[in-house]
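Reviewing the structure listed below.
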There are 2 protein chains.
Amino acid sequence: MTFTATEPDPPTELLVCIKCRRGQEMPENDRRPGQRLYDTLAANTLPDGIRLRAVECLQNCDHGCTVALRGGDRWTYIYGNVDEVSHADMLLDGAARYTATQDGLIPWRERPEHFKRNCIARIPPLETTHD
Amino acid sequence: MTFTATEPDPPTELLVCIKCRRGQEMPENDRRPGQRLYDTLAANTLPDGIRLRAVECLQNCDHGCTVALRGGDRWTYIYGNVDEVSHADMLLDGAARYTATQDGLIPWRERPEHFKRNCIARIPPLETTHD
């Protein structure tokens with residue numbers, strides 16, 4: 001598939017829970033898996049139209065790390081069980097595919113495998129024809 | 001606590017997944033638990049400032065029934081494990097308490113017990129000072 005080079009208005013937000021411990025016991029001041037995930041994403045060149053945003057707790061603590069995608073008239077999607085090391089490329093690819101849609105519904109065959117199995121919940125856009 | 005009698009603009013939306021089977025095997029055309037929950041809520045007098053909205057799948061299928069609260073500059077909250085029979089009053093009370101807040105964060109001591117233990121995820125408002 002191809003992605004538009006023009007930035008949509010408003011852009012897609014890729015929200016990352018930076019407080020996530022991913023179930024690990026760890027000293028209070030250690031860099032958490034959620035922060036590592038955010039830092040890894042921030043070190044990448046983001047696809048067009050995508051804004052990275054750190055959030056202090058998306059409250060999906062039992063199934064972290066956790067991210068969400070939202071923007072414009074699209075459904076908001078929350079994904080869990082994200083690995084802070086191995087999943088950065090998948091997330092950026094998925095975010096680009098999400099941004100390429102009008103409604104946030106990435107066609108099933110194009111959807112990253114992780115998205116297929118780890119959707120925590122989704123929320124419809126404020127105005128939608130899907131319900 | 002007291003609730004404001006004036007309707008906020010925009011109002012709070014209480015989103016209900018009407019497709020939820022709550023893990024039950026059931027004939028395709030049977031009325032599903034999610035639809036029962038919606039119907040029960042719709043038969044009530046809604047608190048001021050709250051709009052009920054049916055949604056076709058919030059994709060929290062393993063922990064249904066599922067609802068979400070959102071509106072204005074508040075955090076969006078998704079709650080699972082909702083019982084379609086016994087939880088309607090709790091949801092309406094929780095929705096009123098949510099609407100009474102500016103940011104969607106119901107004070108812990110005032111939060112319904114079910115909300116404390118069954119938050120699936122939350123999403124920050126588009127513009128927020130909380131992250």
Side-chain angles (χ1 to χ4, degrees), chain A residues 9-20 34-35 38 51-82 103-106 108 111 115-131, chain B residues 9-20 34-35 38 51-82 103-106 108 111 115-131:
Chain A
D9 186 16
T12 293
E13 281 189 314
L14 174 54
L15 307 169
V16 179
C17 178
I18 59 170
K19 292 296 185 189
C20 188
Q35 184 69 56
Y38 178 86
R51 180 194 299 158
L52 189 63
R53 178 171 166 190
V55 182
E56 293 200 357
C57 198
L58 292 166
Q59 290 195 0
N60 175 47
C61 309
D62 290 342
H63 305 283
C65 297
T66 306
V67 303
L69 284 167
R70 70 162 169 198
D73 294 328
R74 302 180 189 91
W75 285 72
T76 295
Y77 278 84
I78 302 161
Y79 295 107
N81 304 307
V82 174
D103 56 9
L105 279 62
I106 305 170
W108 187 256
R111 202 171 295 187
F115 282 15
K116 292 180 183 176
R117 301 197 194 98
N118 295 279
C119 179
I120 301 301
R122 65 174 193 168
I123 300 284
L126 281 172
E127 299 296 332
T128 178
T129 58
H130 292 88
D131 64 353
Chain B
D9 186 14
T12 293
E13 282 189 313
L14 174 54
L15 307 169
V16 180
C17 179
I18 59 170
K19 292 297 186 188
C20 188
Q35 184 68 56
Y38 177 85
R51 180 195 298 159
L52 189 63
R53 178 171 166 191
V55 181
E56 293 200 357
C57 200
L58 291 167
Q59 291 195 0
N60 175 46
C61 310
D62 290 341
H63 305 283
C65 296
T66 307
V67 303
L69 285 167
R70 70 159 169 200
D73 294 328
R74 302 181 189 90
W75 285 71
T76 296
Y77 278 83
I78 303 161
Y79 295 107
N81 304 307
V82 174
D103 56 9
L105 279 61
I106 305 170
W108 186 256
R111 203 171 295 187
F115 282 15
K116 292 181 183 176
R117 301 197 192 96
N118 295 278
C119 178
I120 302 300
R122 66 175 193 168
I123 300 284
L126 281 172
E127 298 296 332
T128 179
T129 57
H130 293 87
D131 66 350

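For clarity, every value in this text was computed on a predicted model and none was experimentally measured.
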Residue part contacting chain B, namely of [X], when any heavy atom lies under 4.5 Å:
| X | result |
| --- | --- |
| Ile78(A) | side chain |
| Cys57(A) | both |
| Thr76(A) | side chain |

Item to check | Nearest non-hydrogen partners of Gln59(A) and Tyr77(B), listed with the distance | outcome: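 Closest heavy-atom pair between Gln59(A) and Tyr77(B): OE1-CE2, 3.7 Å.
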Checklist entry - Which atoms form the tightest heavy-atom contact between Pro124(A) and Arg70(B), and what is the distance? => result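 Shortest heavy-atom contact: O-NH1, 2.7 Å.
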Item to check | CD-CG distance between Glu13(B) and Leu126(A), expressed to the nearest 0.5 angstrom | outcome: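 The CG atom of Leu126(A) is 6.0 Å from CD of Glu13(B), to the nearest 0.5 Å.
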Next on the checklist: Let me confirm one number: the CZ-CD1 distance from Arg122(B) to Ile123(A), rounded to the nearest 0.5 Å.
Outcome noted: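 The CZ atom of Arg122(B) sits 14.0 Å away from the CD1 atom of Ile123(A).
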